[in-house]
Amino acid sequence: MDKLRITGGRSLHGRIRISGAKNAVLPILAASLLANESVSIRRVPQLQDVSTMMNLLSTMGVGVVVESSDGVGIDPSTISNPFADYSLVKTMRASILVLGPLLAKVGEAIVSLPGGCAIGARPVNLHVDGLRALGAEVAVENGYIHAKASQLKGAHILLDSVTVTGTQNLMMAATLADGKTVLENAAREPEVVDLANFLNRMGAKISGAGSATIKIEGVESLHGVEYNVIADRIETGTYLVAAAITGGSVELVDTNPVLLESVLLKLEEAGADLDIRENSIALDMGGRRAQAVTLTTSPHPAFPTDMQAQFMALNTVAKGVGMVTETIFENRFMHVPELQRMGANIRMQGHTVVVDGVESLTGARVMATDLRASAGLVLAGLAAKGETVIERIYHIDRGYETIEEKLMQLGADIERLP
Ligand code: UD1
């Protein structure tokens, strides 16, 4: 298994191009199943999760063609097998996103339950309940969700709690339902909006995406489209913290500041100078040590749970005490013991972690436990004195395109070890 070796202590400076968003392209690839014609998706990041989704679509008989370095073509007309096997779903929970489109398009879906994961139980009950409300017959047995519906019917659905992929699954299913669907307490994440834009470009009638109430007027069929995926706001935030934690400066291009306002506010609070343009963000720390920040993760537009580990890393070497409260996932502090091994002063109090910043961390051998925790450890390694080796780096390859190349571009001393 690959490892990353980082020799920390260098201040990072430079310019990076941000990739397309992992959490936008995965639902968009799944939504391609709904079309009657081929679709072309552009700005597709080369990530393990994207390969897994492409693989999953291929196993269903769907035509999947790599059209360019960041372009993928999907021909859903050949779909023959509406089945998502456990062996693929267990490697990527987002595989559940094929459930809604398959059901709407071919009237049946057999999708493995994802099971638990490192950061919490992560049930999919709201996806299942929502599909039942749309008229599907759903049986959950032998570890699989088996859903059937000859024709889904529009419904009024109040989601018990905010779920991103749940909202996306129901929105996709409802595009081909008979009549109108209203989703209340819908997720407002930018990736939900991007999916709605993609579906609308294929002929769907969706309004309100980005607000808590999404309305979907069912249509008979969807046509082909060529579509560009939005920028990855979590990748953007991660590289901003990389500059902040090393006292450096970075210019990120091809991104969209509007997607991560809560993160930018926290960076300013940490003492970073920001120059925000329409499609770029420049951050300058001017060699200063960051000020600790207190934050609570919450659904969009509040602070994203996917940036929690990175800001915790920033707090470990910041001036003062910062409190980090996680409200989305019950077990998303797996990086804490690893940061402590690097010399961080952290106390856990239930869902809150109190971080008392130290002058500097020391490099250590640490273990990546999930995607964003790994990013937090990479950032800590960049700031630490000496050598940090991060094991199980495959987690980071799921969501960060060529991370070591991008960090090297900024002057980091980082190397992948087989
Ligand atoms: C998505 C993102 C992930 C991000 C998360 C929260 C993708 C591919 N992944 O994950 O990066 O960290 O949103 O912003 O977009 N829940 C239920 N029942 C359900 C569904 C969810 O109880 O049926 C709970 C979950 O256990 C969790 C919370 O709701 O505690 C939010 O989860 P959800 O928004 O569904 O996360 P994902 O869509 O899996």
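One-based numbering, in listed order, for ligands and for the atoms of each. Just so we're clear, the structure is a prediction, and the values are computed from it rather than from any experiment.
Close N/O approach between Phe329 and ligand 1 is not found [any backbone or side-chain N/O within under 3.5 Å]. Residue Arg93 has no N or O atom closer than 3.5 Å to an N or O atom of ligand 1. For Lys22, no nitrogen or oxygen atom sits less than 3.5 Å from a nitrogen or oxygen atom of ligand 1, counting backbone and side chain alike.
Using a 4.0 Å cut-off between charged nitrogen and carboxylate oxygen, Arg277 and Asp275 count as a salt-bridge pair. Under 4.0 Å is where a charged nitrogen must lie from a carboxylate oxygen, and between Lys22 and Asp306 no such pair does. Ion pairing between a basic and an acidic side chain is recognised when a charged N comes within 4.0 Å of a carboxylate O; Glu137 and Lys148 show no such pairing.
Here is the list of ligand 1 atoms found below 4.0 Å of a heavy atom in Thr305: 6 (C), 12 (O), 14 (O). Remark: ligand 1 atoms within the under-4.0 Å shell around heavy atoms of Val124 are 19 (C), 23 (O). Taking every heavy atom of Arg332 and a limit of under 4.0 angstrom, the matching atoms of ligand 1 come to 12 (O). Atom numbering of ligand 1 starts at 1 in the shown order; those under 4.0 Å from a heavy atom of His127 are 23 (O).
When the heavy atoms of Ala187, Pro123, Ser95, Gly166 are ranked by distance to atom 26 (O) of ligand 1, first place goes to Pro123. With Asn23, Asp306, Asn169 as candidates, the residue nearest to atom 4 (C) of ligand 1 on a non-hydrogen basis is Asp306. With atom 31 (C) of ligand 1 as the reference point, the heavy atom nearest to it among Thr297, Leu126, Ile328 is part of Ile328.
Residue His351 qualifies as open at atom NE2: its count of foreign heavy atoms under 6.0 Å is 12 or below. Atom CG of Asp160 has 12 or fewer heavy atoms from other residues, nucleotides or ligands within 6.0 Å.
In this structure, Val162 is part of the shell of residues with a heavy atom less than 4.0 angstrom from ligand 1.
Across Val72 and Arg42, no two heavy atoms sit closer than the pair N-NH1, 4.0 Å.
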Does the pair Ile157 and Leu134 meet the rule for a side chain to side chain contact (heavy atoms under 4.5 Å, CB included), with working shown? CA-CA 9 Å; Ile157 301 172; Leu134 290 171; 4.0 Å; yes

